[in-house]
Trainee: 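The structure under discussion is supplied below as structure tokens; questions concerning it will follow.
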Amino acid sequence: MNDSQLYAEQFEQHRAHLRAVAYRMLGSHADAEDAVQEAWLRLNRADADAVANLGGWLTTVVGRICIDMLRTRRVRNEDYPGTWLPEPLVSVDETLDPAREAELADAVGLALLVVLETLTPTERLAFVLHDMFAVPFDEIAPIVGRSSTATRQLASRARRRVRGAPAPESDLARQRKVVEAFLAASRGGDFEGLLAVLDPDVVFRVDAGRDSPLARPPIVGAENVAREVLAHGRPFAPLGRPALVGDAIGMLVGPPERPLAVAGCAIVDGRIAALDLIVDPEKLAAIVVAG
């Protein structure tokens, strides 16, 4: 076996980990795959004698690539209409087999990904690597170009932001009841029914894509969101169904093989505190919908 074949075999052993890191950093399956592929290309150009710890080297490379990609995306999205939302893993299976349960356990909630979008690229990397993958700060520090102490502070700021968000309901059965009530009220044009399942300070975000006339700023407040849902969402409500969106119950609108929309719900104290709707056709095409 030559060096190239050996590298390829070893790289495949790390691919799943690298993809998991990149997805949590970027919130996009396609971008995560691009980051992992770029790491492979850099590995092929690297000096074999200089790579003592391949897993650590690859994680460092992917981390730096993700930081660069996040910075580029932020500049590109400065004039993005509406809200840019991450791409969650979606499942419509009511009874999960052990393999899907394991996949769900590793899934990332859309609500968490939305919070991570508010962090700086270096804060996000420090939090993701340390809090999600237990990478020591002295190994993260060279990636972000900071001291170990400064890197610890980056992760601490990120952690406060994440913990500052309301803790969502963790019981999937209770989440499902709230989502089903929301869908029933939407189908029936029941304004009061919607108010009953929406948090008074609910935030409704829509990602319609860069060039869509549907793009709009976030809508805040139960009455405002209920009016918006009934004005524009009622015709599509009969096509909606509860689905696993990341690690929580959300909604899938349309057939799984070609969804019209995907919505993530952050449910707090029995009400929807955040509703994140993805209707961008390009993004929907990239979202993985499993059976």
Side-chain angles (χ1 to χ4, degrees), residues 27 82-92 94 104 107-118 161-208 214-254 259-280 283-284 287:
T83 303
W84 188 96
L85 291 172
E87 301 164 8
L89 175 69
V90 180
S91 175
V92 295
E94 297 285 343
L104 173 61
V108 185
L110 182 58
L112 174 59
L113 288 173
V114 169
V115 174
L116 292 180
E117 283 294 313
T118 67
R161 186 76 62 83
V162 171
R163 290 177 177 173
E169 169 67 57
S170 60
D171 186 279
L172 294 181
R174 288 198 289 266
Q175 291 178 25
R176 184 179 295 276
K177 288 182 179 180
V178 174
V179 170
E180 287 174 342
F182 174 88
L183 286 170
S186 300
R187 294 179 188 118
D190 183 355
F191 184 77
E192 294 300 324
L194 284 175
L195 293 184
V197 295
L198 293 173
D199 184 271
D201 299 316
V202 61
V203 179
F204 179 31
R205 292 174 283 252
V206 179
D207 186 346
L214 299 176
R216 66 204 64 196
I219 298 172
V220 180
E223 292 191 1
N224 294 330
V225 172
R227 291 191 189 97
E228 180 71 14
V229 169
L230 294 182
H232 298 101
R234 190 178 177 187
F236 301 97
L239 303 176
R241 59 185 292 186
L244 282 169
V245 179
D247 63 353
I249 300 296
M251 290 169 271
L252 176 72
V253 180
L260 301 174
V262 168
C265 299
I267 297 171
V268 179
D269 296 331
R271 292 187 173 187
I272 298 174
L275 182 61
D276 296 307
L277 181 68
I278 300 170
V279 293
D280 177 4
K283 190 163 290 183
L284 289 170
I287 289 177

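Side chains are part of it too, since the values below use all heavy atoms of this structure and drop only hydrogens, waters and symmetry mates.
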Trainee: When rounded to the nearest 0.5 angstrom, what is the spacing between CG in L275 and CD1 in I219?
Mentor: 9.5 Å

Trainee: Distance from L252 atom CG to S91 atom OG, nearest 0.5 Å?
Mentor: 10.0 Å

Trainee: What is the distance from atom CD of E228 to atom CG of L194, rounded to the nearest 0.5 Å?
Mentor: 12.0 Å

Trainee: Nearest 0.5 angstrom please: L277 CG to T83 OG1, how far?
Mentor: 10.5 Å

Trainee: So, taking the atom named CG in L85 and the one named CD in E117, what distance separates them when rounded to the nearest 0.5 Å?
Mentor: 8.5 Å

Trainee: Is any side-chain heavy atom of V253 closer than 4.5 Å to a side-chain heavy atom of V262?
Mentor: no

Trainee: Can you give the donor-acceptor pairs under 3.5 Å from side chains of residues 266-274 to other protein atoms, not counting sequence neighbours?
Mentor:
from, atom 1, to, atom 2, distance (Å)
R271, NE, A196, O, 3.4

Trainee: Start with the C-alpha distance between V245 and M251, add both sets of side-chain angles, then the distance that settles side chain to side chain contact (heavy atoms under 4.5 Å, CB included), and finish with yes or no.
Mentor: CA-CA 7 Å; V245 179; M251 290 169 271; over 6 Å; no

Trainee: Which residues pass the side-chain hydrogen bond (donor to acceptor under 3.5 Å, both in side chains) test with R234, not counting sequence neighbours?
Mentor: none

Trainee: I would like to know whether F182 and V229 meet side chain to side chain contact (heavy atoms under 4.5 Å, CB included); could you show each step before the answer?
Mentor: CA-CA 10 Å; F182 174 88; V229 169; 4.0 Å; yes

Trainee: Any pair with a residue in residues 186-208 that passes side chain to side chain donor-acceptor pair (under 3.5 Å), sequence neighbours left out, goes on the list, sorted by first then second residue, please.
Mentor: Y80-D207, R205-D276, D207-K283

Trainee: Using only atom types and a distance under 3.5 Å, with no angle test, would you say the side chain of Q175 pairs donor to acceptor with the backbone of E169?
Mentor: yes

